[in-house]
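Okay, so here's the structure we're looking at.
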Amino acid sequence: MAYNLSEGSLEVIMNGGHYDKPVMQVLGSKKIQGSGANERFRLLVSDGKHSHSFAMLATQLNDKLITGELSDYSVVQIDRFVTSILKNTGKGEKRVMIILDITIIAPGTQVGKKLGNPSTWTEESAQSAPAQVPVAKPAPMPARPMANHSAAPALDSSMLSSQMTHPIASLSPYQNKWVIKARVMTKSAIRTWSNAKGEGKLFSMDLCDESGEIRATAFRNECDRFYDMIQVDKVYYISRCQLKTANKQYTSIKNDYEMTLTPDTVIAECMEDASCVPTIKYEFLPISEIANKGVDTILDTIGVCKMASDLQELTARSTGKQLKKREVTLVDSSGGAIALTLWGKEAESFDGNANPVIAAKGARLTEFNGSKSLSCLASTMLRLNPDLPEAHKLRGWYDNGGADMDVVNISARAGGYAGGSSDWITFSEAEEKQLGSGNKGDYYSLLGVLTFTFADNAVYKACPQEQCNKKLVDQENGLFRCEKCNREYPNYKYRLLLGANVSDPTGDQRITAFSEAAEAMLGKNSADIGRLFEYDKAAYAQLFEDVKFRTFVFKFRTKMEVYSDEARLKTTVMSATPVDYKEANARFIKNIKALSGVEI
DNA sequence: CCCCCCCC
């Protein structure tokens with residue numbers, strides 16, 4: 001089969017002209033920076049006449065390279081691209097093409113060879129080539145910042161066309177003459193800080209265009225100057241910011257750099273058609289797949305708000321700060337449900353009565369008591385009933401039976417059956433990970449055998465008050481005293497405090513189980529066990545014999561505690577459930593697959 | 001220059 005490359009298109013593009021949907025061949029690719037989500041690739045392309053490694057792949061197309069879909073020798077149609085002039089490359093100006101959209105006409109394996117005999121395109125060939133189109137220059141900027149530092153009028157936006165702006169993906173600290181045309185995806189509230197280095201205030205915003213995204217932060221004066229002007233979803237021309245390397249630790253924005261607004265920064269709203277600038281880019285993860293992600297992952301998801309809690313007010317233990325939160329439960333057609341925690345004003349104003357669709361960008365995955373949920377950060381963007389295809393699809397699904405669908409709640413609390421949301425580990429793994437050594441205590445699940453129970457003193461007379469489970473002191477006069485309530489009662493309730501040993505193939509652990517967990521293991525409630533203890537010592541002893549060597553799925557909380565100068569792990573049973581062997585086998589098979597790479 | 005993002 002013959003492939004028609006757009007011969008001569010490269011020349012036109014390198015001279016700053018436009019060529020509609022050129023067909024080129026990919027001859028090579030090279031990673032030029034970043035890793036993971038921040039990788040960026042350069043392509044060696046040929047139009048059959050010339051070849052040149054001036055093409056950069058917009059990051060959203062990286063997958064095509066990584067998956068091999070876009071391989072060497074592929075013939076592609078470049079559906080959309082922008083060019084940008086890079087300065088300070090050591091050789092003066094250098095034009096690059098950023099590929100925004102691509103159609104693979106023929107895979108590399110099918111083409112299998114270099115087409116034609118392209119010569120390497122050089123600056124010299126540029127000069128010798130007829131200048132068919134005037135070279136687009138970066139937009140003219142005012143020579144100096146406006147004296148009054150007013151933001152808006154400094155730029156005559158009519159002088160700018162999208163052709164004269166720079167793609168966000170091309171920005172770097174080595175080049176300062178640029179104008180971007182970008183949409184504000186998110187804008188934070190103003191925050192103040194005070195530390196050893198000083199104090200101040202700031203807000204940040206996340207910007208995007210066709211080529212990529214970037215975070216911009218405004219401090220102190222710039223914070224005052226731009227905060228009111230910047231509106232989410234609007235498109236602005238922005239220039240003269242300082243670029244620096246982004247600290248990936250604090251953002252999920254896909255860019256190696258971030259920008260800081262300076263006294264010279266100019267921002268003007270784009271008043272013309274800005275439909276070419278994309279709106280927020282989501283990478284929605286189906287809710288059922290969120291459980292597979294690691295804690296602290298920042299992710300996007302969309303779901304219908306099935307339930308919303310009341311507004312809760314609480315005090316942060318660490319900072320003493322007053323907090324307001326509301327927990328909403330999101331469901332989607334993947335059959336998953338997850339809790340999303342809203343904070344502050346967002347929590348206050350939220351109304352879940354009409355079961356809105358919620359799109360969340362940049363929520364953080366957290367884990368508590370072994371179950372996962374999402375939490376909003378200051379930078380998380382929530383949209384209610386957004387005009388997105390995914391949202392309309394979900395609405396239709398929910399209103400036509402989805403509301404009644406059985407869902408697996410990833411955020412189900414421990415104590416009940418947690419729906420298999422957290423992995424089982426072994427005692428040796430718990431030790432390796434030094435679980436329990438932190439301040440907060442750690443939670444883990446484990447498949448283990450109860451090898452010994454300390455039956456003596458496993459049952460005690462507890463304060464009859466519902467919330468108080470304190471052990472009572474027998475006054476020997478028919479009354480029982482609770483030290484905690486500072487009262488005497490004629491009655492009591494039985495509670496359990498069961499010490500036991502649990503073993504698994506890698507080790508064993510002394511554990512403590514309180515009433516609910518102990519009842520689950522012993523298969524009798526505390527009151528019945530209390531009666532046996534009083535009236536049928538043999539049956540009581542037998543109960544603790546019978547439970548020995550039974551296997552449970554334990555959920556533990558473990559924490560290092562010091563008893564008379566000796567550090568010891570205190571491990572409490574949060575829940576103990578009988579083994580569902582079908583589910584257990586599914587876990588083991590999954591592990592074997594993961595470890596061996598062998599399909600079973 | 002922030003980088004905290006909370007709680008059960």
Side-chain angles (χ1 to χ4, degrees), chain A residues 173 186-206 214-227 241-253 255 257-265 295-299 308-329 338-348 360-382 409 411-416 418 439-443 467 555 557 559 572 574-575:
Chain A
T186 66
K187 169 187 163 185
S188 77
I190 292 177
R191 194 162 57 81
T192 58
W193 83 88
S194 174
N195 59 28
K197 287 185 235 163
E199 53 182 38
K201 56 177 163 179
L202 70 110
F203 82 94
S204 64
M205 54 183 164
D206 295 338
I214 194 163
R215 169 159 300 174
T217 307
F219 292 97
R220 303 176 221 252
N221 285 343
E222 287 70 60
C223 177
D224 289 339
R225 205 170 128 217
F226 291 111
Y227 186 78
C241 298
Q242 190 181 74
L243 276 117
K244 59 170 191 172
T245 306
N247 191 338
K248 303 293 196 214
Q249 198 184 334
Y250 305 116
T251 167
S252 59
I253 288 292
N255 202 313
Y257 305 112
E258 59 188 24
M259 43 199 230
T260 303
L261 278 57
T262 74
D264 290 347
T265 294
V295 168
D296 287 344
T297 304
I298 307 278
L299 55 88
S309 75
D310 291 336
L311 186 71
Q312 290 160 264
E313 298 196 40
L314 49 106
T315 310
R317 209 193 300 156
S318 50
T319 59
K321 233 201 255 178
Q322 284 298 117
L323 304 172
K324 287 176 183 159
K325 73 157 195 175
R326 192 192 299 269
E327 223 168 68
V328 303
T329 303
I338 194 163
L340 171 70
T341 306
L342 317 185
W343 300 95
K345 283 206 175 73
E346 213 155 37
E348 266 180 274
K361 185 179 168 63
R364 178 198 265 177
L365 188 58
T366 65
E367 190 168 338
F368 179 71
N369 268 7
S371 59
K372 284 172 175 164
S373 66
L374 293 172
S375 185
C376 286
L377 307 176
S379 55
T380 303
M381 227 228 24
L382 290 188
N409 192 342
S411 310
R413 290 278 181 262
N439 296 327
K440 284 176 89 174
D442 293 306
Y443 295 83
Q467 293 304 320
K555 194 160 273 188
R557 177 182 192 273
K559 190 175 180 308
T572 309
M574 307 303 295
S575 71

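A quick note: this is a predicted structure, and the numbers were derived from the prediction, not measured. Here is the naming used below: chain letters follow the sequence lines, and residue numbers restart at 1 for every chain.
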- Under 4.0 Å between a side-chain N/O of A:S375 and OP1 or OP2 of B:dC5, yes or no? no

- Task: Starting from C1' on B:dC4, measure out to CG on A:N247 and report it in whole angstrom.
- Result: 14 Å

- From the options B:dC1, B:dC3, B:dC7, select the nucleotide whose nearest atom is closest to the side chain of A:K325. B:dC7

- Task: In whole angstrom, give the distance that lies between atom CE of A:M259 and atom P of B:dC2.
- Result: 19 Å

- Message: Test your reading of the model: is there a side-chain donor-acceptor pair from A:R225 to the backbone of A:R220, 3.5 Å cut-off?
- Response: no

- Once you round it to whole Å, what is the distance between P of B:dC6 and CD of A:E313? 18 Å

- Just call it for A:R220: base, sugar-phosphate, or nothing, with non-hydrogen atoms closer than 4.0 Å on any strand. base

- Picking from B:dC2, B:dC8, B:dC4, which would you name as closest to the side chain of A:A378? B:dC4

- Donor-acceptor pair, A:T192 side chain versus A:K201 backbone, under 3.5 Å? no

- Query: Could you give the CG-to-C1' distance, from A:L340 to B:dC8, as a whole number of Å?
  - Reply: 16 Å

- Task: Could you check whether A:T380 gets within reach of a base, just the sugar-phosphate, or nothing at all, counting any heavy atom under 4.0 Å?
- Result: nothing

- Looking only at side-chain N and O atoms, does A:W343 come under 4.0 Å of OP1 or OP2 in B:dC5? no

- A:Y257 side chain reached by A:P173 side chain, heavy atoms, under 4.5 Å: yes

- Query: Among B:dC8, B:dC3, B:dC5, which is the nearest nucleotide to the side chain of A:N195?
  - Reply: B:dC3

- Note on the structure: Between NZ of A:K187 and C1' of B:dC2 the distance, given in whole Å, is 18 Å

- Determine the contact category for A:K244: base if any of its heavy atoms lies under 4.0 Å from a base atom, sugar-phosphate if only primed atoms, P, OP1 or OP2 are that close, otherwise nothing. base

- Of the nucleotides B:dC3, B:dC7, B:dC6, which one has an atom closest to the side chain of A:R364? B:dC6

- Query: Distance from A:E346 atom CD to A:T341 atom OG1, nearest 0.5 Å?
  - Reply: 11.5 Å

- Query: Can A:F368 be called stacked on B:dC8 when the rule is centres closer than 5.5 Å and an angle between planes below 30°?
  - Reply: yes

- Test item: A:N195 side-chain N/O and A:G198 main-chain N/O as donor-acceptor pair under 3.5 Å: yes

- Using only side-chain N and O atoms of A:R191, determine if any of them is under 4.0 Å from OP1 or OP2 of B:dC3. yes

- Item | Atom pair distance, as rounded to whole Å: CZ in A:R557 and P in B:dC8 | 12 Å

- Test for a donor-acceptor pair under 3.5 Å between the base of B:dC1 and the side chain of A:K197, counting only N and O atoms. no

- Message: Under 4.0 Å, counting only non-hydrogen atoms across every strand here, what does A:E258 touch: a base, just sugar-phosphate, or nothing?
- Response: base

- Give the rounded distance in Å between these two atoms: CD of A:E346 and P of B:dC6. 14 Å

- Item | Any donor-acceptor pair under 3.5 Å from A:S411 side chain to A:K372 backbone | yes

- Query: Any idea which of B:dC5, B:dC7, B:dC3 is nearest the A:L377 side chain?
  - Reply: B:dC5

- Note on the structure: Whole-Å distance, A:E222 CD to B:dC2 C1', equals 14 Å

